[in-house]
Amino acid sequence: MSHLRISRYMLRSLLLLLILLSALPLWAQRTSATTTYYPTFRPATIHMRSGEEVKTMANVFLKNSSLVYRKGSITMRANMKLIDEVSFDDQRFVCLDTLLTTIVDTVGKLVLYRASVIDIEAFRRMENDNRQITNIDIGDFVNYSSVDLNAASDLRYPLVDTYYIGGFGKLLLAEERRVAPKVKKEKRRLYKTLITLPEFSWTNPESLLRIMKDCLQ
């Protein structure tokens with residue numbers, strides 16, 4: 001009987017351990033308490049591609065890493081095709097196509113950019129049974145003109161980072177099929193070794209910076 005109790009105890013412990021381990025990737029994912037980069041709108045300088053500068057109260061909307069700004073009591077979405085950079089007091093965002101990105105680091109002439117957006121699929125899974133979501137429509141995600149972007153303060157929004165490498169004349173999405181053709185012939189063996197290392201990841205900036213330094217220079 002005592003052996004049976006021990007076996008059942010060990011089984012319960014093993015099941016609990018497996019559950020905890022399976023949850024680790026979700027816990028490791030960065031999250032945000034708001035749907036914007038900053039909790040509140042703050043002063044920003046928008047550098048237009050025309051050369052003009054506009055000062056306004058702004059924020060970065062994390063659904064698609066776009067710029068939103070205040071016009072009176074209304075939240076407006078900026079035309080991203082007209083924007084070059086956006087400067088806040090503590091952060092500079094560079095507009096790549098229609099994404100606001102931050103500069104992670106530079107290696108010679110190469111620049112590593114990061115765009116952080118809400119992971120919609122992970123959000124769906126996390127909130128599948130949550131009936132308290134009343135101010136966010138997953139389809140359109142937000143009505144810019146009338147919704148308080150941070151109304152659902154009890155939610156946590158999982159974030160996903162996408163990296164881009166600039167400096168080749170054309171922006172590269174940091175993934176194997178885009179980067180491999182840029183690797184110099186004499187460095188291809190090293191490149192293949194690096195990307196097969198257990199610690200390597202295309203979403204790890206340290207891994208990407210090493211590729212940029214050792215294989216793309």
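- Taking the six-membered ring for Trp and the full ring otherwise, the centers of Tyr38 and Phe88 sit less than 6.0 Å from each other.
- Under the 4.5 Å side-chain heavy-atom criterion for ILVMFWY residues, no single connected hydrophobic cluster contains both Val60 and Leu96.
- For Gln217, the CD atom is densely surrounded, since the number of other residues' heavy atoms within 6.0 Å is greater than 12.
- The backbone N or O of Thr193 lies less than 3.5 Å from a partner atom in the side chain of Thr196, making a donor-acceptor pair.
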Query raised in the report: Can you check side chain to side chain contact (heavy atoms under 4.5 Å, CB included) on Thr35 and Phe61, steps first, answer last?
Result: CA-CA 6 Å; Thr35 59; Phe61 186 36; 3.9 Å; yes
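- Partners of Asp89 according to the side chain to side chain donor-acceptor pair (under 3.5 Å) rule, which considers only residues two or more places apart in sequence or in another chain, are Arg42.
- Counting all heavy atoms, side chain and backbone alike, Val104 lies closest to Pro205 at CG1-CB, 4.0 Å.
- Side chains of Thr75 and Arg70: a donor-acceptor N/O pair is present below 3.5 angstrom, by distance only.
- Residue Thr34 comes nearest to Pro39 through the heavy atom pair CG2-CA, 4.2 Å, listed as atom of the first residue, atom of the second, then distance.
- Atoms CG and CZ, on Leu216 and Arg210 in that order, are 13.0 Å from each other to the nearest 0.5 Å.
- A distance of 5.5 Å separates CG in Leu172 from CZ in Phe168, rounded to the nearest 0.5 Å.
- When all heavy atoms are compared, the tightest approach of Leu194 to Cys215 is CD1-SG, 3.8 Å.
- Here Asp97 contributes atom CG and Ser65 contributes atom OG; the two are 11.5 Å apart, rounded to the nearest 0.5 Å.
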Report task. Might you work through the side chain to side chain contact (heavy atoms under 4.5 Å, CB included) test for Met57 and Tyr69, ending with a clear yes or no? Result -> CA-CA 6 Å; Met57 299 295 288; Tyr69 63 95; over 6 Å; no
Report task. Start with the C-alpha gap between Met48 and Asp84, add the side-chain angles, then the distance that decides, and say whether side chain to side chain contact (heavy atoms under 4.5 Å, CB included) holds. Result -> CA-CA 5 Å; Met48 312 298 289; Asp84 188 27; over 6 Å; no
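- Aromatic rings from Tyr113 and Tyr163 are positioned such that their centres are separated by 6.0 Å or more.
- Taking every heavy atom of both residues into account, Lys63 and Ile120 meet most closely at CG-CD1, 4.5 Å.
- Within the 3.5 Å criterion, the main-chain N or O of Thr40 finds a donor-acceptor partner in the side chain of Asn59.
- Both Leu112 and Ile195 belong to a common hydrophobic cluster when Ile, Leu, Val, Met, Phe, Trp and Tyr are linked at side-chain heavy-atom distances under 4.5 angstrom.
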Query - Check against side chain to side chain contact (heavy atoms under 4.5 Å, CB included), Glu206 and Ser201 - result: CA-CA 9 Å; Glu206 293 183 3; Ser201 170; over 6 Å; no
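- Atom CG of Leu208 sits about 10.5 Å away from atom CZ of Arg114, to the nearest 0.5 Å.
- A salt bridge is defined here as a Lys NZ or Arg NE, NH1 or NH2 lying under 4.0 Å from an Asp or Glu carboxylate O, and Arg30 with Asp161 meets this definition.
- Atom CD of Glu52 sits in a sparse spot, with 12 or fewer heavy atoms from other residues, nucleotides or ligands closer than 6.0 Å.
- Tracing side-chain contacts under 4.5 Å through hydrophobic residues (I, L, V, M, F, W, Y), one reaches Val183 starting from Ile211; they form part of the same cluster.
- A donor-acceptor pair under 3.5 Å is absent between the side-chain atoms of Arg177 and the main chain of Ala180, judged by distance alone.
- Residue Met80 is not grouped with residue Leu99 when hydrophobic side chains (ILVMFWY) are merged at heavy-atom distances under 4.5 angstrom, including chains of intermediate members.
- Rounding to the nearest 0.5 Å places OG of Ser66 at 11.0 Å from CG of Asn79.
- The closest donor-acceptor contact from the side chain of Thr56 to the backbone of Ala58 lies at 3.5 Å or more, if one exists at all.
- Between atom OH of residue Tyr157 and atom OG1 of residue Thr36 there is a gap of 9.5 Å, rounded to the nearest 0.5 Å.
- Linking Ile, Leu, Val, Met, Phe, Trp and Tyr whenever their side-chain heavy atoms come within less than 4.5 Å puts Val179 and Leu190 in one cluster.
- At distances below 3.5 Å, not a single donor-acceptor pair connects side-chain atoms of Arg77 with backbone N or O atoms of Leu67.
- Summarising the geometry of Thr101 relative to Ala115, their closest heavy-atom pair is CG2-CB, 3.8 Å, with the distance given to 0.1 Å.
- For the pair Leu173 and Arg178, the tightest heavy-atom approach, listed with the atom from each and the gap, is O-CB, 3.3 Å.
- Of the residues His47, Lys55, Arg92, Glu53, the one that meets the side-chain hydrogen bond (donor to acceptor under 3.5 Å, both in side chains) test with Ser87 is His47.
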